[in-house]
S.K.: 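One structure is given below, represented as structure tokens, and several questions about it will come after.
Chain letters run A, B, ... following the sequence lines, proteins first and then strands; every chain starts at 1. We use all heavy atoms of the structure for the numbers below, so side chains are in, but hydrogens, waters and symmetry mates are not.
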Amino acid sequence: MLNQLNPDQRRAVTCGEGPVLILAGAGSGKTRVLTARIAYLVREKGVRSDSIMAVTFTNKAASEIRERLKKMIGPEAGRLRLGTFHSQGLRILREERRRAGLANELTVYNDDDQLTLLRQVIQELGFNDKVVVPKSMLQIINQAKNENVGPEEYRSTASGAQAFIVERTAKVYELYQKRLKEMNCVDFGDLICEPVRLLKRDGRLLAMYQERIRHMLVDEYQDTNRAQYALTSLLSGGTRNIFAVGDPDQSIYGWRGADINNILDFEKDYPDADVLKLEENYRSTKKILSSANSVIENNTKRLDKTLRTQNPDGDKVVFEECETEYDEGRAVLRWIKKLMSLDKGIAYSDVAIFYRTNAQSRVFEEAMMRDGIPYVIVGGTRFYDRAEIRDSLAYMRLMANPNDLLSLTRAVNTPSRGVGPVALEKVRSISIDRGVSLFEALKIASDNGVIRKSGVGQFIAACAGFTRDAALHSLSDRTLRLLEESGYMTMWQGDGSEEAMQRVENIFELISAIKEFEAARASADGRALQEFLDHVALISDLDGIEEKIERITMMTVHSAKGLEFKAVFITGMEEGLFPHSRSVDSVESLEEERRLCYVAMTRARKRLFLLAARSRTVWGAQGWRTRSRFLDEIPNEHIEFIEFDAGKKKGVFQAHETHYTDEGSQITGQGEAVFYDDTDADWRIGMKVSHATFGLGVIKEKTGRGMEAKLLVNFRDVGVKKLAVKYAGLEIVQ
DNA sequence: GTCATTAGACTTTTT
DNA sequence: GTCTAATGAC
């Protein structure tokens, strides 16, 4: 096992006890080291595998580590405490509930559920949701939870002019937490915060965990937030055997509360820590790697680290500037075809298209579809986010947790069964008065005529059937029957529209997912429902990528982390998109964008293509673009520019399949030419111009077209001026 | 209470 | 250019 590692990797794997930080550059064998370390501890050091906890950020990473370990240490691998932060947190919460003698009912809310609950809470408190905006509240509460700040502590931050606003937000936060608790629900943030709170409050519980966990290993340490940091340091506090692996250059989740200081300050927190670097890259060609290195070197807040490789030089990085986003799609398509014909060793599954925002995927999807190139889009609208799936899950969640008000509200009134806000309020008060669950209260309300409509009777009967048959039938069968007998399926089967049929199909796909889940479980017992719901709450689409299937992969740059492909296309290399416009006003967020770019570039093994469009339609309006500053950070000797053909600039462009009628409506067809007003192309944001009296300047903003355009120009000597093209007599400076 | 229509927001990234 | 939430008519 150790023979397959290089000296640095071997040193990392075999280092002694105590805190260890491994700074592992992209493609340097990070997962391999983490895996080998666990195997080393179990096999060479005789550490019991159930005393090792290893946390990752994605299920994919966790299962990859588990699979590798199965090969190295056999069935022992199954006893490791290995999983995502969130799954480990949930496990601790469930263990604790069991210990406290509470029911196993616990529902994990995602951000949609959070938002629904927040809207209710804001209304209940009598706030105007135009002033107390649910989305902002969600953001503030999530952020507080990332930083491990509870409602009381949040309230104590109030001071000065902001005090009133903080106080108001604290009220929302407080009631939100109260409602969650009443319903036996937790949100994503709670999965980390709540265990931390429990461990801090209960010294005996903490001692028990610290006794149990002898070794803690953390993957992607640069992406941990304060709460996750607290959790890992608490749990590993007994032995201080914390083995953290990460790369500060790949920290891309600052917006989600990741605190890059957790890794940068590791040596401060653990002065006796061993810090080791892995700087040999096994993935990319020299040209790709040094291009990526020269981009990331522009960041100021870095730990000193330079990746090197013994791989061949490879081909130059290609940068192609296209006219529009549709041309960008065509350019990628053309390159893919070219790659396939040139290199017999390359398969569709070796190719990936990356973009900064999900909205960009559409054009590529259309391009691939037109030419019959098989593809898969990772992320975007998730399967489990579709309305019909969320409905079905609401039925299931209500069965698992009869106090889950949100799921009850959704399920009981989909399809509508005459239970509006008024009836629900009655149900709620029955539940409080008689001390019964919400679902029980619904039954009572239906029996004594508070709710008259017959639909509710059918609903309750179907639910009762689900519970009654628990011992006789599988979860998947019962779920299907629940959806059929309650009248939910009929709701969609009624109309024969394409859309409704798709929805029914999706529901059957959910049923097969349940079947699959049941088959993978060792035993059939009463916990299947709860476990399935936990499973879907904590998975993402990324976990479902099947690598062997012959198709190209399209995804956001964020989802690409941890993956690698022979050929990578990074699209939309434009200012405002990459770096994103919402990230350019602060150095911190700009540097995060640059790290994101670095992550994207280092996914490529053999070929790297960068693309940009000179004009792009955003929010339904076309706008001119300047190319990304990151492109200028790559040395010229590594890059091959395929610039937009300047010869075509004057005159007429051809060969757009989309064109516009006089009324402005869009027609898609072929063979029609589209004429561009070439005077319009003369003025682009970022372009250098010269004025007779003001001198040299750069165009900052533009309204209008061609000679009618009005420009905002930042002159080198005299500052920003507003100019009308018609009168200004500007010249373009090349 | 229900349904259809409209207005508005949204598009940075996700466990 | 798409989806959702709010609104108003019945």
S.K.: Would you please classify the geometry between the A/F517 ring and the A/F532 ring as parallel, tilted or perpendicular, with 30° and 60° separating the classes?
M.R.: perpendicular

S.K.: Please measure how far the C1' atom in C/dA5 lies from the corresponding atom in B/dT12, and state the result in whole Å.
M.R.: 23 Å

S.K.: Before accepting this row, confirm whether a basic side-chain N of the pair A/K301/A/E591 lies closer than 4.0 Å to the acidic partner's carboxylate O.
M.R.: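 Here A/K301 does not pair with A/E591 in a salt bridge, since their nearest N and O are not under 4.0 Å apart.
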
S.K.: Before we go on, tell me: are the rings of A/F459 and A/Y488 under 6.0 Å apart, centre to centre?
M.R.: no

S.K.: In whole angstroms, how far is the P atom of B/dT12 from the CD atom of A/E574?
M.R.: 15 Å

S.K.: How many whole angstroms separate atom NZ of A/K561 from atom P of B/dT13?
M.R.: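 Rounding to the nearest Å, NZ of A/K561 and P of B/dT13 are 16 Å apart.
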
S.K.: Is any side-chain nitrogen or oxygen of A/T556 closer than 4.0 Å to OP1 or OP2 of B/dT12?
M.R.: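 No, outside the criterion.
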
S.K.: Does a nitrogen or oxygen in the side chain of A/R362 sit under 4.0 Å from OP1 or OP2 of C/dT2?
M.R.: yes

S.K.: List the atom of A/L34, the atom of A/V218, and the distance in Å for their closest heavy-atom pair.
M.R.: CD1-O, 4.5 Å

S.K.: Would you tell me whether A/Y176 and A/D187 have side-chain atoms, one donor and one acceptor, within less than 3.5 Å of each other?
M.R.: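 Per modelled atom types, A/Y176 and A/D187 side chains form a pair under 3.5 Å.
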
S.K.: Check the distance between C/dT4's C1' and A/E388's CD and give it to me in whole angstrom.
M.R.: 15 Å

S.K.: Less than 4.0 Å between a side-chain N and a carboxylate O, is that true for A/R503 and A/D391?
M.R.: no

S.K.: Where each pair must be Watson-Crick or G-U wobble with both distances under 3.5 Å, what dot-bracket representation of DNA chain C is obtained, with crossing pairs in [ ] and other-strand partners as |?
M.R.: .|||||||||

S.K.: According to the interplanar angle, ranging from 0 to 90°, do the rings of A/F85 and A/F57 count as parallel (below 30°), tilted (30 to 60°) or perpendicular (above 60°)?
M.R.: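 Taking A/F57 first and then A/F85, their aromatic rings sit tilted (interplane angle of 30° to 60°).
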
S.K.: So, does A/S87 get its side chain near the phosphate of B/dT15, meaning an N or O under 4.0 Å from OP1 or OP2?
M.R.: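 Indeed not, no polar side-chain atom of A/S87 lies that close.
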
S.K.: Specify the residue among A/L424 and A/E593 whose closest nucleotide of DNA chain B lies further upstream toward the 5′ end.
M.R.: A/L424

S.K.: Between A/D259 and A/N261, is there a side-chain donor-acceptor contact under 3.5 Å, judged purely by atom types and distance?
M.R.: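 A/D259 and A/N261 do have a side-chain donor-acceptor pair below 3.5 Å.
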
S.K.: Between B/dT15 and A/H86, is there an OP1 or OP2 to side-chain N/O distance shorter than 4.0 Å?
M.R.: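 Answer is no, no contact under 4.0 Å.
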
S.K.: What is the nucleic acid contact for A/V557, judged by heavy atoms within less than 4.0 Å: base, sugar-phosphate only, or nothing?
M.R.: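 Counting heavy atoms under 4.0 Å across all strands, no contact is made by A/V557.
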
S.K.: Take atom CD of A/Q139 and atom P of B/dT13, then tell me their distance rounded to the nearest Å.
M.R.: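 Nearest whole value for this atom pair: 13 Å.
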
S.K.: Is there a side-chain contact between A/N358 and the phosphate of B/dT14, meaning an N or O under 4.0 Å from OP1 or OP2?
M.R.: yes

S.K.: Below 4.0 angstrom, which residues in residues 143-150 of chain A have at least one non-hydrogen atom near DNA chain B?
M.R.: none

S.K.: Take the protein atom CH2 of A/W255 and the nucleotide atom P of B/dT14, then report the distance between them rounded to whole Å.
M.R.: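 Between P of B/dT14 and CH2 of A/W255: 6 Å.
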
S.K.: Answer with base, sugar-phosphate or nothing: what part of the nucleic acid does A/R595 contact at a heavy-atom distance below 4.0 Å?
M.R.: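 No contact.
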
S.K.: Between atom CZ in A/F354 and atom C1' in B/dT12, what is the gap in whole Å?
M.R.: 17 Å

S.K.: Any base atoms under 4.0 Å from A/A423, or only sugar-phosphate, or nothing? Heavy atoms, all strands.
M.R.: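 Sugar-phosphate, backbone atoms only, no base.
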
S.K.: Do we get A/R226 above A/Y229's six-membered ring, with its NZ or CZ under 6.0 Å from the centre and within 45° of the axis?
M.R.: yes

S.K.: Rounding to a whole Å, what distance do you find between A/Y355:OH and B/dT13:P?
M.R.: 10 Å

S.K.: Quiz question: by atom type and distance under 3.5 Å, do the side chains of A/D190 and A/Y109 form a donor-acceptor pair?
M.R.: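 Side chains of A/D190 and A/Y109: no pair found under 3.5 Å.
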
S.K.: Dump the intermediate steps for side-chain contact (heavy atoms from CB on, under 4.5 Å) on A/L405 and A/R179, then the final yes or no.
M.R.: CA-CA 9 Å; A/L405 177 64; A/R179 290 279 174 266; over 6 Å; no

S.K.: For nucleotides 5-10 of chain B, print each protein N/O atom paired with a nucleotide N/O atom at under 3.5 Å, atom names and distance only.
M.R.:
none

S.K.: Taking only N and O in the side chain of A/S416, is any of them less than 4.0 Å away from OP1 or OP2 of B/dC3?
M.R.: yes

S.K.: Is it the case that atom CD in A/Q139 sees more than 12 heavy atoms from other parts of the structure closer than 6.0 Å?
M.R.: no

